[in-house]
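Just below is one structure, and these are the notes that go with it.
Throughout, protein chains are lettered first and strands after them, A, B, ... in sequence-line order, and every chain is numbered starting at 1. Values below: every heavy atom of this structure, side chains too, minus hydrogens, waters and symmetry copies. Quantities reported herein were computed from a predicted structural model and do not represent experimental measurements.
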Amino acid sequence: MENTIIKLEKINKSYQKGKTSLHILKDIDLQVERGEFVAILGPSGSGKSTLMNIIGCMDVFDTGKYYLNGIDISKQKDKEFTGIRNKEIGFIFQKYHLISTYTVLQNIVMPLLMRGMGFAEATEQCMDTIKMLGLEERLEHKPAELSGGQQQRVAIARALVGEPALLLADEPTGALDTSSGAEVLKLFNRLHNMGHTIVMITHDLEVAKSAKRIVRIIDGELHEDEKG
Amino acid sequence: MKKREILRLVALNLLQNKFKVVLTSVGIIIGAATIVMVIAIGRGGQEKVAEQFKNLNAGAIDISYEEATENKTEDAKMGNGNFGGNQNMPGGKPDSSQKNGTDNKSNQNGKSAMGENGSAPFGFGESARGGNSNDKNRMNQDKIVLSEEDVEDIETFVPDISSVSISYTTKTTVDGGELEEETSYTVAGVTSIYAEISNLNLQVGEFLTKEEEENKEKVCILGATVAKEIFGDAVSAYDSTLYIGGRAYTVNGVLKEIGSVSSGISADDAIFVPYSTGVKYITGENISPTITVIAENLNDLETTIENIETVLAESYPNAEFTITDAGSKMEAASASNDTLTTLLFAMAFIVFIVGGIGIMNVLFVSIKERTKEIGILKAIGCMKQDILLEFLLEACFISVLGGALGVLVSLGITPIVKMANIPVSLSIAGMLTAMVFAFVTGVTFGFYPAWKASCLVPVDALSEE
């Protein structure tokens, strides 16, 4: 089993805006080991979302090397990206990104259905995670019937059921009130203690402090790497 | 992703948008109903044509004569025509004495020539017609009444024919039976072989005989509807007495119902009398008979018609006869029905295209609405082909549902269309065609939106508000 989950080497990414080229990520080097809980901290426009999209295999980089759980991402094609996202990464978004027309259970099992599992089998496999997150009573509810904290727990359950190598969270408390946010961060620490590798993107230092390691990104460059 | 799970998602999405699904399928409902009705009306038309012509012998050739109307007054003033001798005689040459006239001399010569030449294609005819046809203005200015002698001429000189008959119709008053007052009916003067060439069968009795015709006997055969109207039923009508034009006729038989027209006569609604009896007691010589020739060789009706024209030209050099063959009538009716069906089909096709564009629009709107959902699915690992399939199946389901509802609508409106006297014949093939069209429309117009959905970039789709 590969011990290094993320290995970024000299990653560069630019966007063309009219005639101007915006250099968003500049020679990014980052290594995340299995079981680490890392916060990528940066202000708005620093390039942290672009970095998250690249780590999450939702965007491509211009130059450099990226290995995710030992897979050389630069050599993968679009179709393979989809498979990698499904198997290696569990996404937790700021706005939860649950499918509003599906029930809680239907949302949670989706990553397993995409792997070719039947609904019954997927439901069975999800039950431990559902119990761990205290969602048993909410399975037939629609996302709109849940509080923000509960919706984020559903999103975390969806990210966990596929047993991915990496949990990638983008501002996971950004849309939550303080107590719900604290609850989610507590849950992240619990998952970290269970051995999950978590990379959390945030602009909030207080939130970042709940991680064991903080990586600061300013103007597309990694400026600091503090071990907590 | 398993196909079953994709279908489950499709069902989930459709069930949560029932109203939108039904509205989207309206175009397809109309298209499918149109297709079913077009095919049903086409079939109905074909069946009606077949019904109308079922008793018509395909080899039947009808010959009639129409006098040029603008010359009638002039002719009346003149009293005698320029050709054919005595115009007061029926048909220009029914009187054997006329055979001594100039015109009939050449006629006789022609017949001799024909006899000598055997099966030669009426070489005499060319000269006879050519000699007289240079004055087109004089065509059909004479009053001509086709006669039994013309029937004999055709029987004698036209090869490849099996039988020839002559008939006419007139309207005259009838009394008797259960009629409370004199009523006008169509009376047809026919020869004894009319029943055979028109495929008429009798419920009771026997058709008119040659003897009755020769003896000008006052006997008649009733059409099925006439028998019912006058006597209540066929059995009561048989051997009863019927008063036609004030004279008593014995009912010798009643025809089976045929529901079609033969040689211009609607048999169900007519009273048939021997040809000569009718001329003697009902019409006098004031008739416009039709000669019906049954050709043996259906593949060469043109030659038979040419031969008939040649024979008639011998007797009536300045006359042009109206000659129609049943095959051409059938073909014309069938072709007209086919044209109508094609037009209606084109209309249905256009409706389907409009319906398909409707589906495409709704799918594009749906994709716009569900962009974030697609982004989520792609972010968590849904394959491009699974999204393509999901949206395509949704489009297909909407179309097939529309097709099925369209078929149901067509079943509902069929009785209304029938009430408007439009022949309709629903068929399973028509319904299946509509369903296939609906499905193809769904696939065709659903593919592009589905493909666009599958190509969405997850980052862009997720950032969509």
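No more than 12 heavy atoms of other residues, nucleotides or ligands lie within 6.0 Å of NZ in B:Lys452, so this atom counts as exposed by the packing criterion. Summarising the local packing, CD of A:Glu137 is surrounded by 12 or fewer heavy atoms from other residues, nucleotides or ligands at distances under 6.0 Å. Within 6.0 Å of atom CD in A:Glu163, 12 or fewer heavy atoms from other residues, nucleotides or ligands are found, so the atom counts as exposed in its surroundings. The neighbour count for B:Asp460 CG, taken as heavy atoms of other residues, nucleotides or ligands under 6.0 Å away, is above 12.
Across B:Glu373, B:Gln385, B:Arg370, the residue that shares the most heavy-atom pairs under 4.5 angstrom with chain A is B:Glu373. In terms of heavy-atom pairs under 4.5 Å with chain B, the best-connected choice from A:His97, A:Arg85, A:Met58 is A:His97.
Residue contact with chain B, scored on non-hydrogen atoms closer than 4.5 Å, is absent for A:Phe81. Interface remark: B:Lys384 contributes no atoms to any contact with chain A (heavy atom separation under 4.5 Å).
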Next on the checklist: A:Asn86 vs B:Lys378, test: side-chain contact (heavy atoms from CB on, under 4.5 Å). Steps then yes/no.
Outcome noted: CA-CA 9 Å; A:Asn86 180 253; B:Lys378 293 201 87 172; over 6 Å; no

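Identified by a heavy-atom distance below 4.5 Å to chain A, the contributing residues of residues 4-19 of chain B are B:Arg4, B:Glu5, B:Arg8, B:Leu9, B:Leu12, B:Asn13, B:Gln16, in residue-number order. Annotation: residues 98-133 of chain A contacts chain B through A:Leu98, A:Ile99, A:Thr101, A:Tyr102, A:Gln106, A:Met110, A:Pro111, A:Leu113, A:Met114, A:Gly116, A:Met117, A:Gly118, A:Phe119 [non-hydrogen atoms, separation under 4.5 Å].
Here the closest heavy-atom approach between residue B:Ala379 and residue A:Phe91 is recorded as O-CE1, 3.2 Å.
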